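Read through the structure below, which is laid out as structure tokens, and then see the notes.
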2 protein chains.
Amino acid sequence: MKAKRPPGPVQGPGGRAFTPRDTPQRRAIRKTIEAGARPLTPNEILDSAKSRHRGLGIATVYRNLKSLVEEGWISEVALPNEAPRYERAGKHHHHHFQCSACRRVFELEGCADAISRISAPDGFSVERHELTLFGRCADC
Amino acid sequence: MKAKRPPGPVQGPGGRAFTPRDTPQRRAIRKTIEAGARPLTPNEILDSAKSRHRGLGIATVYRNLKSLVEEGWISEVALPNEAPRYERAGKHHHHHFQCSACRRVFELEGCADAISRISAPDGFSVERHELTLFGRCADC
DNA sequence: ATAGATGCAAAGAGTTTGCATAGGT
DNA sequence: ACCTATGCAAACTCTTTGCATCTAT
């Protein structure tokens, strides 16, 4: 089973660490992400979470996404030329697929280990990589 | 040697195709991109091209980048979580490296062909891929 | 001469921030 | 009770667009 509540703490403005409060808005956002079958944009999260807590504002979504990333409960999925998406963290290393028709993003399984052997020029050190495949999804 | 002038044509507003005029501003932008050792952002292009043609405006840079992409003279380098960069087109398939310290983007050579063998779930078709490596560049 | 190009400023889209108030602990 | 979280609106950043004017052809 999953933890009912993200672990915190996060870094507060004064440099002080604290655990974010468990508000209805934050729960709505967490449930939305957990229920999502694919990485979601802030706007998709807002729309969907609104049905769980009406009156939810976009600023609250952004603020919670930030703290949930900081807590390590979600991670940001960055794609070329696209707004970031968010998904539950803690999965094993994987990459993503974006449908060029519907623009939705899907999770792929695993990672060809050939990638981690790609090297950069002398003096450059590689820390991580991002791979995105593009094409048509099953629906399009 | 390189063509002194991009080939055109591009698609005009009326659906009519035409070749963009060879203005001093456009030449300054092209020379800047050609002289750049790495993919540049619109702002980097503006700053650098200003020294070749003062008074150049950012809107002109955006408009010319768009038509140069359409002509196939440059291509857009899209990176996760980053503003697009632009580089001369026509190079062979390659990927990019971004330094996590200075944020600059560098071109890598070639592509591990293992990547093109990565497959997506049933019903999905892969058309292309983007790979970005992250780490430290030689200067940082 | 004519139609596309430019510079400026205003308009948009997406994200962040300030502030008064609500509410979790 | 205290102090963080929220919602709203304003601020910001990046990019696009409208318009009067300029200019490559």
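Residue numbering restarts at 1 for every chain, and letters A, B, ... go by the order of the sequence lines. Everything numeric in this text was worked out from a predicted model, so none of it was measured. Just so it is clear, the values below take in all heavy atoms, side chains as well, and ignore hydrogens, waters and symmetry mates.
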d(CG, D22(A); P, dT6(D)) in whole Å: 10 Å
Touch class at under 4.0 angstrom, heavy-atom based, for L56(B) against every strand present: sugar-phosphate
Modelled atom types, side-chain donor and acceptor of R136(B) and S100(B), under 3.5 Å: no
Distance, rounded to the nearest Å, where Y62(A) contributes OH and dT13(D) contributes C1': 13 Å
Phosphate OP1/OP2 of dT15(C): any N43(A) side-chain N/O under 4.0 Å: no
Distance-only donor-acceptor test (3.5 Å): side chain R21(B), base dT25(D): no
Sugar-phosphate, base or nothing in reach of G12(B), heavy atoms under 4.0 Å: nothing
Inter-end axis angle, the helix from dA1(C)-dT25(D) to dT25(C)-dA1(D), with every axis fitted to five base pairs (rounded, 10 degrees): 30°
Residue-phosphate contact under 4.0 Å: R16(A) side-chain N/O, dC3(D) OP1/OP2: no
Nucleotide of dA9(D), dT25(C), dT6(C) approaching A59(A) most closely (side-chain heavy atoms): dA9(D)
Separation of dA5(D) C1' from R30(A) CZ (nearest whole Å): 15 Å
Residue R63(B), side-chain atoms from C-beta onward, closest of dT6(C), dA24(D), dT15(C): dT6(C)
Between C1' of dG4(C) and CG of N64(B), the distance in whole Å: 12 Å
Side-chain donor-acceptor contact under 3.5 Å, E130(A) with N81(B): no
Nearest-Å distance for atom pair CG/C1', residues L46(A) and dG7(D): 12 Å
Rounded distance in Å - NZ (K66(B)) to C1' (dA5(C)): 15 Å
Phosphate OP1/OP2 of dG7(C): any Q25(B) side-chain N/O under 4.0 Å: yes
Audit row: E87(A), R38(A), salt bridge (Lys or Arg N to Asp or Glu O under 4.0 Å) steps and yes/no: CA-CA 7 Å; E87(A) 65 181 6; R38(A) 54 185 177 77; over 6 Å; no
Presence of salt bridge, R85(B) and E44(B), under 4.0 angstrom: no
Sugar-phosphate, base or nothing in reach of R54(B), heavy atoms under 4.0 Å: nothing
Residue T23(A), side-chain atoms from C-beta onward, closest of dG7(D), dT25(C), dA5(D): dA5(D)
Rounded distance in Å - NE2 (H53(B)) to C1' (dC22(D)): 11 Å
Nearest-neighbour nucleotide for the A83(A) side chain, dA9(C), dT6(D), dT15(C) considered: dT15(C)
d(CG, L79(A); P, dG14(C)) in whole Å: 16 Å
Ionic contact status for R88(B) with E34(B), cut-off 4.0 Å: yes
Plane angle bin for H94(B) and H96(B) - parallel if under 30°, tilted between 30 and 60°, otherwise perpendicular: perpendicular
Distance-only side-chain donor-acceptor flag, H129(A) / H95(B), under 3.5 Å: no
Sugar-phosphate only, base, or nothing, as touched by R27(B) at under 4.0 Å among non-hydrogen atoms: nothing
Given dA5(C), dT15(C), dA5(D), the nucleotide with the shortest approach to the side chain of F18(A): dA5(D)
Ring-ring centroid check F97(A) F124(B), cutoff 6.0 Å: yes
